[in-house]
Amino acid sequence: MIRDILIAPNPKLKTISQPVRQVGARERRLMDDMTETMYAADGIGLAAIQIGIPERIIVMDLREDEARKPLYFVNPEISGQSAKKAIYREGCLSVPDIFEEVERPAACRARFLDYDGSPQEIECSELLATCLQHEMDHLNGILFIDHLSRLKRDMALKKLRKAKKREESAPERPSLAL
């Protein structure tokens, strides 16, 4: 089921997500919904809080071809980060149409539970490291724009508010069922 994605500056996005006690049918159904929502929005990552659920769950799929291979992270923890930094131009499903360069550790190691609740550990670099750190920020109430200068962050939020006002004031068009 496709869920609605919260858009900044929605205050729920600043919520610190709670650990998941166990991975059961409910959590797997949530991960399935998150994955479907992420694909429908053309995203590569989604944290549960982005659909209003303050639980430490992330789904990602970095593949650009048709062969989907989602990754599932429950209760992820960074267990190590490189001193070397990398800069990626990041965007976010909760901050639509805003893209800015963000500097993060170039590599990291993470521990987590997978889709079935089995403990895993992974070494991440390049886009995987950036995406995992970006999504883990969501679990801690941090948006990628929080890493920007105050001026750039304020400009991004102003742009989002303007877009929301335009959307709210646009006349509703009747739909045609064919």
Query raised in the report: Would you call Glu101 and Arg89 a salt bridge, taking side-chain N to carboxylate O under 4.0 Å as the test?
Result: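 Salt bridge: no.
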
Quick check: do [X] and [Y] have side-chain heavy atoms less than 4.5 Å from each other?
X: Arg104; Y: Tyr88; answer: no
X: Leu128; Y: Met60; answer: yes
X: Ser79; Y: Arg109; answer: yes

Query raised in the report: Between the side chains of Tyr72 and Asp32, is a donor N or O closer than 3.5 angstrom to an acceptor N or O?
Result: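 Checked: Tyr72/Asp32 side chains show no N/O donor-acceptor pair below 3.5 Å.
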
Give a yes or no on whether [X] atom [atom1] has more than 12 heavy-atom contacts from other residues, nucleotides or ligands under 6.0 Å away.
X: Lys162; atom1: NZ; answer: no
X: Lys164; atom1: NZ; answer: no
X: Asp116; atom1: CG; answer: yes

Query raised in the report: Looking at Val95 and Ile145, what are the two nearest heavy atoms and their distance?
Result: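 Scanning both residues completely, I find the closest heavy atoms to be CG1-CG2, 4.0 Å.
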
Requested in this report: Check Ile49 against Thr15 and note the closest heavy-atom contact, atom names and distance.
Outcome: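 Result for this residue pair: CD1-CB, 3.9 Å.
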
Query raised in the report: Got a sec, which residues hit side-chain contact (heavy atoms from CB on, under 4.5 Å) with Tyr39, two or more places apart in sequence or on another chain?
Result: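 With sequence neighbours excluded, Tyr39 shows a side-chain contact (heavy atoms from CB on, under 4.5 Å) to Thr35, Asp61, Arg68, Pro70, given in chain and number order.
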
**Report entry** Side-chain donor/acceptor of Ser94 to backbone N/O of Leu6, under 3.5 Å
**Finding:**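 Side chain of Ser94 to backbone of Leu6: a pair is present.
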
**Report entry** salt bridge (Lys or Arg N to Asp or Glu O under 4.0 Å) contacts in which one or both residues fall within residues 15-26, not counting sequence neighbours
**Finding:**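 Counting only pairs at least two positions apart or across chains, the salt bridge (Lys or Arg N to Asp or Glu O under 4.0 Å) contacts touching residues 15-26 are Arg26-Glu55.
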
